[in-house]
Amino acid sequence: MGIPKDPFEDSCTLAYQEWQQRLSDSLELDFSPHDPGEDAQTWLRAVHRENGDLPVDHLAPLVLARRAHIATAVTAAVRGAFVADGHHDLDVPVVLQPPSPTAAMGTVQVGNQEIQGIDTQDIAVQAGDGFQTHLADVRAEIWPVCPTHDNGAHPRVVSGAAVWQCPATGHVLSPIHPAPPADAPAGG
């Protein structure tokens, strides 16, 4: 016979889906609220549960904080791996710009790489790319390098995890961030 449906849960799900659609229809949003990533959906559901139907201008500081939190943690971990690999330390800037008329969500950059999206693994890949590009620009150095093929690895999401991947064969060298950072708070 099954478990009877909970009308409260159904109304919460419907309210969340309607909010998600309103966000999707907004021209100001710089990510898809229909992001298929479970991590992104879990975060958005928590934001909705704690704050209700936030308009974009009230959601923006939460998105900015999440991106900044994850990008900063990943950049520090990548920097640590770089130094542990025998390289001289490199300061890679993580720059935040608050929401503005031209950037409704604000911006977070690692080096010159703008962080977009809200999924932890996507942010980790973009932060890894920002670190790697900054290193190439400042020192004309490639890192990490595949020890088998002697070429630069690329940041990618593979099987749901942010990794350094060899472009020659697609094998994974290592995770970009071995332990995902603690999530930024959903509330405001």
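The shown structure was predicted, so the numbers you read here are calculated from the model rather than taken from an experiment.
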Query raised in the report: Hey, is CG on D150 packed in by over 12 heavy atoms from elsewhere, all under 6.0 Å?
Result: no
Report summary line: Closest heavy-atom pair, Q41 versus P33, reported as atoms and distance to 0.1 Å, is NE2-O, 2.8 Å
Query raised in the report: What distance do F31 atom CZ and D122 atom CG have between them, rounded to the nearest 0.5 Å?
Result: 12.0 Å
Query raised in the report: Got a donor-acceptor contact below 3.5 angstrom from the Q126 side chain to the Q116 backbone?
Result: yes
Query raised in the report: Any idea which heavy atoms bring P155 and Q132 closest together, and the distance?
Result: CD-OE1, 3.5 Å
Report task. Determine the sole option in I70, V125, T42 for which the side chain to side chain contact (heavy atoms under 4.5 Å, CB included) test with T120 is passed. Result -> I70
**Report entry** Pairwise distance CD1(I118) to CG(L62) - rounded to 0.5 angstrom
**Finding:** 11.0 Å
Report task. Write down the atom of E114, the atom of T107, and the distance for their closest heavy-atom approach. Result -> OE2-CG2, 3.6 Å
Query raised in the report: Quick check: does any side chain N or O of Q113 sit under 3.5 Å from a backbone N or O of A127, one acting as donor and the other as acceptor?
Result: no
Query raised in the report: Shared ILVMFWY cluster between V78 and V157, side chains joined below 4.5 angstrom?
Result: yes
Report task. Enter the distance from I115:CD1 to M105:CE here, rounded to the nearest 0.5 Å. Result -> 16.0 Å
Query raised in the report: With a 4.5 Å limit on heavy-atom distance, are the side chains of R139 and L90 in contact?
Result: yes
Requested in this report: Please answer whether the main-chain N or O of R45 pairs with a side-chain N or O of E50 as donor and acceptor at a distance below 3.5 Å.
Outcome: no
**Report entry** For R79, the option from L135, V74, D89 that meets side chain to side chain contact (heavy atoms under 4.5 Å, CB included)
**Finding:** D89
**Report entry** Qualifying residue, where the test is side chain to side chain contact (heavy atoms under 4.5 Å, CB included) with H48 and the options are D53, L54, L23
**Finding:** D53
Query - NE2 on H171 to OG1 on T148, rounded to 0.5 Å - result: 4.5 Å
Report task. Could you tell me the separation between the CZ atom of R22 and the CD atom of E18, rounded to the nearest 0.5 Å? Result -> 6.0 Å
Report task. Please determine, by modelled atom types, if S32 and H34 share a side-chain donor-acceptor pair under 3.5 angstrom. Result -> no
**Report entry** Heavy-atom side-chain proximity of P147 to L173 below 4.5 angstrom
**Finding:** yes
Query raised in the report: Do V108 and I123 have side chains that get closer than 4.5 Å, going by heavy atoms?
Result: no
Query - Path from Y16 to W43 over hydrophobic side-chain contacts below 4.5 Å - result: yes
Query raised in the report: So, for L29 and S24, which heavy atoms are closest and what is the spacing to 0.1 Å?
Result: CD2-N, 4.4 Å
Report task. Give a yes or no on whether H149 atom NE2 has more than 12 heavy-atom contacts from other residues, nucleotides or ligands under 6.0 Å away. Result -> yes
Query raised in the report: Under the side-chain contact (heavy atoms from CB on, under 4.5 Å) criterion, do L96 and V94 qualify, and how do the steps go?
Result: CA-CA 7 Å; L96 282 68; V94 178; 4.3 Å; yes
Requested in this report: Please work out which of the three classes, parallel, tilted or perpendicular, describes the rings of W143 and F131, given edges at 30° and 60°.
Outcome: perpendicular
Requested in this report: Following the transitive rule for hydrophobic clusters with a side-chain heavy-atom cut-off under 4.5 Å over Ile, Leu, Val, Met, Phe, Trp and Tyr, establish whether V110 and V138 coincide in one cluster.
Outcome: yes
Requested in this report: Please report the closest heavy-atom contact between G170 and Q165, naming both atoms and the distance.
Outcome: O-NE2, 2.9 Å
Query raised in the report: Is the backbone of A161 close enough, under 3.5 Å, to the side chain of Q121 for a donor and an acceptor to pair up by distance?
Result: no
Query raised in the report: Are W19 and V56 grouped together when hydrophobic residues (ILVMFWY) are joined by side-chain heavy atoms under 4.5 angstrom apart?
Result: yes
Report summary line: Shortest non-hydrogen pair, G106 vs L64, comes out as C-CD1, 4.1 Å
